[in-house]
Amino acid sequence: MSTSTASNVHAFDRRLIARMTGALGDDKVIGRTALELAQVFDELLPGVLQSETGCDVTIAYAGFRTGLRNELIAALGDGVLLGDLSLRNWCADFQVGCDSPVLIALVEALLGAEPTSIEEPAPRSLSKIEIDVALPVFHGIAEVLRTAVNAPGGFEPVVGRPYNSAERAKPDPVLQDVFAASIDMTIGLGPVLSTFSVIVPQSTLLKTRVVSRKGAGEDRNAKTEWTEQLEEQVRRSAVALEARIRLESLTLDTLSRLQAGDVIPFHDGQDVRVEVSANGRDLYVCEFGRSGSRYTVRVKDTHGSEQDIFRHIMS
């Protein structure tokens, strides 16, 4: 190949190829489908979530964004819970992201707090138990989406276990990213207002017809048996405890020369005070004791009410 010939070889524009192959659409077309899906979420999702969690939530459309999928996910920021989902005969790989404050508020509501009295939490990563409680939100979003789109066969959506955005694996540089759209919705519980996003490849949205706005959340008033089981699971979850006992003060010189077999006395002379904690939060004030061959602690006082202890452990 001559130098002049080589200089005439140019790479195809990626966006042009994507448009030619149906992987990238006009924003007006994508926006129309996003609005139709948002109307279904607005109509059905409050009832579905009320049925699943027993909590009244508000849903509203917050717009749509287009771009590369990984960039759209990254733009959700920190303190977001992400989930990878699929729906057979519609889309094999799409994502849902939900801001953490409303999910934290949902946990507090399920533990008995009045939603109107919950103060808006700061965004943060969620604990394992909080993620368990957040699952019905992701299942509810997936179920409403299933009823809205043209996915023949009536298959159930597959919802992967959600994870904190900080734990998302870095994109494989070998794999080419896809053009996608993010359908953004506000979700409110009491005074707490957050956003959830459904991120779908544009190749899927361009083929999507919104076909139904019925069939989800038929039982909008009753709290489901699943939710009651979840609440019980939360209360039965095993939590690792730590007990701290204050010891006599030692000089640095003495401390540096301690050997195996040396004894350090407790600071307290009679009833030995023990602080019991979980997840770095102090829960109980106890006294040290013994039962047969096992050492024990007896609870003497608590750091807060039952609800305070639940919040401390789960945060």
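Throughout, residue positions are numbered sequentially from 1 according to the sequence presented.
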Only one of Val297, Asp301, Thr302 passes side chain to side chain contact (heavy atoms under 4.5 Å, CB included) with Tyr284; say which it is.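 When side chain to side chain contact (heavy atoms under 4.5 Å, CB included) is applied between Tyr284 and each of Val297, Asp301, Thr302, only Thr302 qualifies.
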Testing Val102, Thr186, Ile59, Val80 one by one against Phe196 for a side chain to side chain contact (heavy atoms under 4.5 Å, CB included), which residue passes?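 Of the listed residues Val102, Thr186, Ile59, Val80, the side chain to side chain contact (heavy atoms under 4.5 Å, CB included) partner of Phe196 is Ile59.
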Do [X] and [Y] share a hydrophobic cluster, counting only Ile, Leu, Val, Met, Phe, Trp and Tyr and linking them when any side-chain heavy atoms are less than 4.5 Å apart?
| X | Y | answer |
| --- | --- | --- |
| Phe41 | Val210 | yes |
| Leu72 | Leu35 | no |
| Phe138 | Ile199 | no |

So Phe288 and Phe266, would you call those rings parallel, tilted or perpendicular, with 30° and 60° as cut-offs?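 Because their plane-to-plane angle is over 60°, the rings of Phe288 and Phe266 count as perpendicular.
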Any side chain to side chain donor-acceptor pair (under 3.5 Å) pairs touching residues 70-86, not counting sequence neighbours?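 For residues 70-86: Asn70-Asp177, Asp84-Gln95, Asp84-Tyr163.
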All ring pair (Phe, Tyr, Trp, His ring centres under 6.0 Å) counterparts of Phe94, not counting sequence neighbours: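 Listed in chain order: Trp90.
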Looking only at heavy atoms, what is the nearest atom pair of Gly97 and Leu76, with distance?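 That would be CA-CD1, 4.2 Å.
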Taking everything shown except [X] itself, do over 12 heavy atoms lie less than 6.0 Å from its [atom1]?
| X | atom1 | value |
| --- | --- | --- |
| Arg88 | CZ | no |
| Arg273 | CZ | no |
| Arg246 | CZ | no |

Could you grab the distance from atom [atom1] of [X] to atom [atom2] of [Y], nearest 0.5 Å is fine?
| X | Y | atom1 | atom2 | result |
| --- | --- | --- | --- | --- |
| Gln202 | Leu205 | CD | CG | 7.0 Å |
| Arg124 | Ile104 | CZ | CD1 | 3.5 Å |
| Glu130 | Ser125 | CD | OG | 10.0 Å |
| Met185 | Asp42 | CE | CG | 5.5 Å |
| Leu206 | Ile30 | CG | CD1 | 4.0 Å |
| Leu49 | Ile187 | CG | CD1 | 5.5 Å |

For a side-chain hydrogen bond (donor to acceptor under 3.5 Å, both in side chains) check, start with the C-alpha distance between Ser182 and Asp184, then their side-chain angles and the critical distance, and finish with the verdict. CA-CA 6 Å; Ser182 176; Asp184 301 327; 2.7 Å; yes
Is Arg257 salt-bridged to Asp262, cutoff N-O under 4.0 Å?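 Looking at Arg257 and Asp262, the cut-off is not met.
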I'd like to know if the side chain of [X] reaches the main chain of [Y], judged simply by a donor and an acceptor atom lying under 3.5 Å from each other, with no hydrogens or angles considered.
| X | Y | value |
| --- | --- | --- |
| Asn164 | Ala166 | no |
| Ser100 | Gly79 | yes |
| Asp99 | Pro101 | no |
| Asn89 | Pro152 | yes |

